[in-house]
Each structure stands twice: as C-alpha cells, then as structure tokens.
Amino acid sequence: MKKRILSITLCIAFAGALLAGCGSESGTDTSSSGTDSAAQESSDSATKDSTDSGEETYELVVTSHDPRTSATGEFLEAWAAAVREASDRRINIIIQHNSTLAGANESYDFVLEGKTDIAWGLQSAYADEFPITEVFSLPMLDIDDAVEGSEALWKFYNETDYLDEEYSKVHVLLLHTNCQSPIALVDQKITTVEELSALNIRANDGPAALMAENLGATPVSVTINNLYTSLMNRESDAAITDWHAIRAFALNGVCDYYLDENMGVSTYFMVMNLDSYNSLPEDLQEILDETSAEAIQYASIWNVYEEEVRNLITLVDPRAIYTFSDEEEAKLQAAAEETAADWIEEVTELGYDGQAIYDKAVECIEAVKQ
C-alpha cells in the first residue's frame with residue numbers, strides 16, 4: 001500500500017501528550033531486571049491482554065540508546081502518551097531508555113530478531129545499512145530546524161521508493177532528523193580549515209566521516225554513550241555532534257569551544273518488528289501509524305534543546321561559540337560540496353542514481369521551507 005503523508009497538529013496536542021507521558025503509565029523507564037522479561041515477551045509478537053470491557057490490549061516494548069532526560073526521552077514519552085490516548089488505552093508503550101535494552105549499534109538488530117517490538121535509533125550506527133537515508137546527513141545542506149529536516153525526510157520517504165529497500169525488513173513508523181551539528185572542540189579554538197586537518201574528529205560513519213576526511217582530519221568512530229570519555233581522554237580532539245547531544249551527554253563539561261558551522265543533522269528511525277505489527281488488529285495498526293506520523297512535530301524538542309544549550313554555553317563563556325571568517329567558511333563549503341560529490345559517487349557505484357537522489361532530497365528540503 002502506498003505510504004501517505006498525514007496532516008499535523010502540534011502545540012496543544014504536544015503539550016497534552018507530554019504532560020500525560022510524564023504522569024502516566026504509557027512510557028516508563030524500567031529497571032534492568034524487567035528488561036529481559038520485556039524482551040522475551042516481545043520476541044514473537046506484541047504482548048496481549050484485555051481491558052475491563054473485554055477488548056484486547058497490546059503492550060509494545062521500545063528500545064532507545066538516549067537517556068530519559070534528553071530530547072529523545074521527551075519525544076518518545078510524548079509519542080507513547082499520544083498512542084495510548086488515541087488507542088483508548090488499548091496500546092501501552094513500555095520504553096527502555098538509555099541503552100537499558102539495546103545499545104545504539106544493536107537496536108535495529110533487536111527489532112529484526114524480535115527482541116523488541118520497536119526501536120528508536122540512529123542509522124549512522126549501522127555502516128553501509130542505510131546509504132540512501134544518509135543524503136539528509138550531508139554537511140551544510142539547508143537544514144537548520146529539526147522539524148523542517150524531519151518533514152523533508154518524511155516527505156522524501158513517502159513520495160519516492162528510494163528508501164523502500166533499506167526498510168523492507170521492518171515496518172516504518174517514522175523517520176526524522178535532529179538539530180544541526182557544530183564541531184565541538186576540547187580546548188583548541190580552531191580558526192582555519194588547515195588547523196582542522198591536525199585533529200582526530202569523532203564523526204559518525206557516512207557523510208560526517210567523509211567530511212572529516214575531506215577536511216584532512218582523522219575521523220574517529222565513537223558511540224555517543226562513550227563520547228565524553230573519548231574527549232576527556234583526548235582520544236578525540238573534537239566531535240561532530242548535534243547541540244542536543246552536547247547537553248544530553250554533558251559534552252559541554254569537557255569541550256571549551258564550538259565551531260558553529262552546519263556540519264549536518266543526524267537521521268533517526270522508529271521502526272517496528274513485522275510480526276509485532278502484523279499481530280495488531282487493523283484499527284490499531286492505523287492508529288499507531290497515524291499517531292507516529294503526527295509525532296514528527298515533536299521534533300521541535302530538539303530545537304528547544306539547541307537553544308537552551310547555546311544559552312548555557314554562552315552564559316559561561318560568550319566567546320565559546322563562534323564561526324569562521326568568510327574566507328575560511330568558503331573553504332568549508334568547498335569541502336562540503338566535495339563530500340556531496342563523494343557521496344553521490346559512492347551511491348551510484350551501489351547501483352542507484354546518486355545525483356537524482358541528491359536532487360530529490362534538496363527538492364524536499366526546499367519544499368518544506370516554502
């Protein structure tokens with residue numbers, strides 16, 4: 001069945017869902033002792049129970065590698081509360097935050113293997129698994145807002161078949177992006193592109209790593225949960241990571257400077273095990289799909305976190321966040337264009353029309369800005 005884009009309502013719905021999520025059973029951060037049980041129960045299909053009226057209810061386990069006290073945590077709790085309300089409490093979402101169930105590089109496999117019903121995760125944690133989705137993570141694209149980036153990616157998914165193969169083994173509930181990423185620096189205020197070439201820069205696999213290489217730097221692969229330690233121990237001199245992660249993982253406690261150039265956004269998936277999805281009645285499938293698609297506007301949480309961490313950093317040191325001169329920014333832009341060309345070539349070698357995919361992504365980004 002052809003995918004469809006759904007109309008969105010945010011402000012009042014989001015506020016209500018978020019408050020409900022904080023005070024209801026819809027999204028809970030369970031202990032590790034409950035994790036094995038939850039994973040076992042979700043191994044074949046969604047766990048079933050029944051309401052007082054005799055209607056069957058379904059418990060769905062979700063894994064996330066981000067903390068409960070993060071943009072992701074708030075996003076998932078608000079979404080879980082919205083699903084619970086829209087389904088008249090027939091769907092209950094149990095969220096395993098902070099890698100309690102699966103790490104960033106395990107969550108997608110957990111869905112495939114039936115160890116969890118739903119996974120929220122990061123495509124870049126899976127090298128070569130999502131080459132087409134990576135187009136939205138290319139540096140210095142015109143994405144400076146998490147909602148707009150999310151709408152552009154979701155539009156791309158719904159209006160093309162480019163991503164069908166990448167997600168053919170799961171049921172896609174939502175694809176979205178976060179806020180933009182600066183280069184966070186431990187203790188060096190880098191003012192030229194040439195100086196960047198001397199650094200070990202933590203960068204996710206894909207466009208971020210390609211960009212680091214095109215800057216002459218050495219890309220270092222470090223999971224977000226281990227990034228603070230990597231920076232503290234100077235295994236990484238800097239990191240390409242989003243403003244939200246800088247706050248959520250306390251990177252502002254180890255980084256002194258932030259080169260405020262748009263190194264790209266990260267893309268995320270919210271996907272469901274096919275058996276778990278197919279075990280739901282059709283009416284609940286529709287409710288889950290619609291509510292998940294509407295949750296795209298909850299990506300505004302990443303914008304809030306970005307503003308807050310910028311203010312926090314500036315309050316400590318007004319000079320900590322800075323940009324390149326026009327001359328150096330032009331060099332950075334040239335490296336970004338080289339990165340896009342490299343990505344197009346790599347995707348074309350995989351048998352896709354890399355240029356057409358890139359052009360469509362840019363078209364979707366421009367469309368949501370109008």
Side-chain angles (χ1 to χ4, degrees), residues 1 3 27 30 32 34-48 58-66 72 75-76 79-80 83 91-137 153-154 156-158 160-177 204-206 221 223-225 266-281 284-285 288-289 291-293 295 347 350-352:
M1 181 174 62
K3 301 178 287 287
T30 58
S32 58
T35 299
D36 292 339
S37 174
Q40 181 62 41
E41 289 175 351
S42 65
S43 60
D44 295 318
S45 61
T47 305
K48 292 189 289 186
Y58 296 80
E59 185 174 277
L60 303 178
V61 177
V62 182
T63 182
S64 165
H65 63 266
D66 275 0
T72 306
F75 171 87
L76 290 174
W79 161 75
V83 171
I91 299 178
N92 187 39
I93 306 290
I94 303 298
I95 305 170
Q96 301 284 351
H97 297 285
N98 204 28
S99 297
T100 305
L101 180 58
N105 58 354
E106 300 173 312
S107 59
Y108 189 74
D109 292 332
F110 266 51
V111 164
L112 292 180
E113 296 166 9
K115 294 179 180 178
T116 188
D117 298 302
I118 298 170
W120 177 92
L122 188 66
Q123 285 93 338
S124 60
Y126 297 87
D128 305 322
E129 190 79 29
F130 303 98
I132 308 304
T133 309
E134 286 179 355
V135 66
F136 282 88
S137 294
L153 174 55
W154 196 232
F156 182 88
Y157 173 72
N158 281 282
T160 77
D161 59 4
Y162 290 137
L163 296 178
D164 288 357
E165 183 180 350
E166 290 187 359
Y167 300 97
S168 62
K169 298 178 183 178
V170 294
H171 179 77
V172 176
L173 295 174
L174 183 64
L175 303 176
H176 72 97
T177 75
N204 287 330
D205 288 328
S221 180
T223 62
I224 190 65
N225 303 83
S266 292
T267 62
Y268 299 106
F269 56 71
M270 192 156 67
V271 296
M272 188 169 182
N273 176 273
L274 287 174
D275 289 338
S276 292
Y277 181 78
N278 291 330
S279 73
L280 296 175
L284 291 186
Q285 289 178 349
L288 183 60
D289 287 339
T291 308
S292 298
V347 169
L350 294 175
Y352 303 99

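Worth saying up front: this structure is predicted, and the values here are computed from it rather than measured. Computation of the quantities below employed the complete heavy-atom set of this structure, encompassing side-chain atoms and omitting hydrogens, waters and symmetry-equivalent molecules.
A 4.5 Å side-chain heavy-atom check between Thr116 and Val62 finds every atom pair outside the cut-off. Side-chain contact between Val172 and Phe269 is absent, with no heavy-atom pair separated by less than 4.5 Å. Between Met272 and Leu288 there is a side-chain heavy-atom pair separated by less than 4.5 Å. With a 4.5 Å cut-off on side-chain heavy atoms, Lys169 and Val271 do not count as touching. Looking at Val347 and Val135, their side chains never come closer than 4.5 Å, going by heavy atoms from C-beta outward. Put simply, the side chain of Ile132 does not reach to within 4.5 Å of the side chain of Tyr167, judged on heavy atoms. Residues Val61 and Phe110 form no side-chain contact, since every pair of their non-hydrogen atoms from C-beta on lies 4.5 Å or further apart.
Asn273 places a side-chain N or O within 3.5 Å of a backbone atom of Val111 that can act as its donor or acceptor partner. Without hydrogens or angle criteria, Thr100 side chain to His97 main chain gives a donor-acceptor distance under 3.5 Å. Side-chain atoms of Gln285 come within 3.5 Å of backbone N or O of Leu280 as a donor-acceptor pair.
Taking Thr267 as the reference, Gln123, Thr133, Phe136, Ser137, Leu153, Thr177 meet the side-chain contact (heavy atoms from CB on, under 4.5 Å) condition, with sequence neighbours excluded. Glu129 meets the side-chain contact (heavy atoms from CB on, under 4.5 Å) test with Tyr108, Tyr126; sequence neighbours excluded. The side chain to side chain donor-acceptor pair (under 3.5 Å) check on Thr223 picks up Asn226, with sequence neighbours excluded. Judged as a side-chain contact (heavy atoms from CB on, under 4.5 Å), and not counting sequence neighbours, the contacts of Ser64 are Asp66, Thr72, Leu76, Trp120.
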side-chain contact (heavy atoms from CB on, under 4.5 Å) evaluation trace for Asn225 with Asn98 | CA-CA 9 Å; Asn225 303 83; Asn98 204 28; 4.2 Å; yes
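When all heavy atoms are compared, the tightest approach of Leu174 to Ser292 is CD2-O, 3.6 Å. In plain terms, the two heavy atoms of Ser107 and Gly121 that are nearest each other are OG-CA, 4.1 Å. Counting all heavy atoms, side chain and backbone alike, Ala104 lies closest to Ala125 at O-CB, 3.4 Å.
Annotation: Tyr352 is not in aromatic contact with Tyr162 [ring centroid separation under 6.0 Å not met].
Once rounded to the nearest 0.5 Å, the distance linking CG of Asp205 with OG of Ser221 reads 4.5 Å. The CD1 atom of Ile91 sits 9.0 Å away from the OH atom of Tyr58 when rounded to the nearest 0.5 Å. Between Ser124 atom OG and Asn105 atom CG the span is 10.5 Å, to the nearest 0.5 Å. If you take CZ on Phe75 and CD1 on Ile95, they are separated by 10.0 Å, rounding to the nearest 0.5 Å. For the atom pair CG of Leu175 and CG of Asn158, the computed distance is 8.5 Å after rounding to the nearest 0.5 Å. Between His65 atom NE2 and Gln96 atom CD the span is 15.0 Å, to the nearest 0.5 Å.
Donor-acceptor pairing under 3.5 Å is recorded for the side chains of His171 and Asp289.
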